[in-house]
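Here the structure comes first, spelled out in structure tokens, and everything after it is commentary.
Below, chains carry the letters A, B, ... as their sequence lines are ordered, and counting in each starts from 1. No experiment lies behind these values; they were computed from the predicted model shown.
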Amino acid sequence: EAGVAQSPRYKIIEKRQSVAFWCNPISGHATLYWYQQILGQGPKLLIQFQNNGVVDDSQLPKDRFSAERLKGVDSTLKIQPAKLEDSAVYLCASSLSAGGGEKLFFGSGTQLSVL
Amino acid sequence: SQKIEQNSEALNIQEGKTATLTCNYTNYSPAYLQWYRQDPGRGPVFLLLIRENEKEKRKERLKVTFDTTLKQSLFHITASQPADSATYLCALDSTNTNAGKSTFGDGTTLTVKP
């Protein structure tokens with residue numbers, strides 16, 4: 001079974017530039033998550049999709065971050081414009097459903113450095 | 001405010017010993033608690049899930065306990081090996097409704113020395 005695919009693996013940009021990350025979840029997984037993980041911290045949820053609808057985006061900085069999952073499969077997370085504090089690993093995860101206690105499957109993440 | 005605290009210091013143990021990691025929480029009523037392993041440069045990998053009405057769960061050399069009165073989970077790795085060296089994250093699902101989502105602690109880095 002193929003895992004969660006993410007690209008790019010690394011990205012270096014200057015502040016105020018824009019960047020986009022792509023995620024393809026495990027086939028058949030209805031729920032997709034984007035997490036931000038700052039060095040030394042645990043993953044922090046940015047947005048959760050159930051199929052192509054948003055379940056929770058309460059911690060997404062909507063003035064600069066946007067995400068979409070148009071066909072209920074793969075997803076894109078965008079930052080525009082980037083700030084220095086956005087330097088982090090962006091993890092995509094998927095699960096079969098959004099029910100409590102669902103096991104999350106993570107991709108390897110995109111490491112973003114904002115200079 | 002809600003808080004999840006894991007061992008603040010990294011844990012160094014000798015091969016063959018039992019590693020015990022703690023996860024304490026405040027202002028949560030988790031229906032589920034999960035433990036994940038994360039290696040450098042990789043995403044977290046699911047290890048074990050325990051429900052609020054379960055006291056203990058085992059899987060091979062892993063054991064998790066869950067005490068909702070103390071608001072604490074303990075994660076044990078018996079007969080530890082250098083390959084167990086990684087960061088271990090606990091995650092709480094604060095609801096058992098269809099909107100469940102996992103909130104993670106900051107993790108504990110375990111190093112097992114040969």
Side-chain angles (χ1 to χ4, degrees), chain A residues 1 3-10 21 23-26 29-51 53-60 88-112, chain B residues 1-10 21 23-25 28-54 57 59 64 66 73 86-109:
Chain A
E1 176 182 83
V4 175
Q6 288 190 249
S7 67
R9 191 75 177 86
Y10 304 94
F21 313 125
C23 172
N24 191 27
I26 292 173
H29 280 196
T31 311
L32 185 147
Y33 313 77
W34 283 102
Y35 282 86
Q36 179 193 58
Q37 187 173 27
I38 292 170
L39 188 64
Q41 298 182 18
K44 173 188 151 187
L45 182 68
L46 293 174
I47 189 167
Q48 177 184 351
F49 291 95
Q50 175 73 6
N51 296 311
V54 175
V55 173
D56 183 354
D57 64 356
S58 58
Q59 298 195 76
L60 187 73
V89 175
Y90 291 84
L91 293 162
C92 179
S94 67
S95 63
L96 274 172
S97 71
E102 280 293 327
K103 177 170 39 172
L104 302 184
F105 294 82
F106 284 86
S108 292
T110 297
Q111 186 171 325
L112 173 67
Chain B
S1 62
Q2 294 180 323
K3 210 172 193 181
I4 302 171
E5 288 185 330
Q6 299 191 239
N7 302 57
S8 56
E9 301 290 331
L21 286 66
C23 176
N24 296 300
Y25 58 91
Y28 274 102
S29 296
Y32 307 90
L33 190 146
Q34 302 184 41
W35 283 89
Y36 288 78
R37 169 185 173 139
Q38 187 171 26
D39 291 288
R42 312 290 292 182
V45 174
F46 172 82
L47 295 174
L48 279 169
L49 175 147
I50 188 165
R51 293 174 171 77
E52 63 178 335
N53 60 350
E54 296 176 318
K57 204 79 168 282
K59 179 183 174 184
V64 173
F66 193 10
S73 174
T87 296
Y88 292 86
L89 300 157
C90 70
L92 276 60
D93 282 17
S94 58
T95 175
N96 57 2
T97 69
N98 287 335
K101 62 178 185 243
S102 295
T103 304
F104 285 82
D106 287 339
T108 298
T109 299

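Residues satisfying the ring pair (Phe, Tyr, Trp, His ring centres under 6.0 Å) test with A/Tyr90, not counting sequence neighbours, are A/Phe21. Evaluation of the ring pair (Phe, Tyr, Trp, His ring centres under 6.0 Å) rule for B/Tyr28 yields no partner, not counting sequence neighbours.
Residue contact with chain A, scored on non-hydrogen atoms closer than 4.5 Å, is absent for B/Gln6. If you measure heavy-atom distances from A/Gln6 to chain B, you find no contacts under 4.5 Å at all. For A/Leu45, the part lying under 4.5 angstrom from a heavy atom of chain B is the side chain only. Both the backbone and the side chain of A/Gln41 come within contact range of chain B, each with at least one heavy atom under 4.5 Å from a heavy atom of that chain.
Side-chain contact check for A/Tyr35 and A/Gln37: no donor-acceptor pair (N or O, by modelled atom type) lies under 3.5 Å.
No side-chain heavy atom of B/Tyr25 sits less than 4.5 Å from a side-chain heavy atom of B/Cys90.
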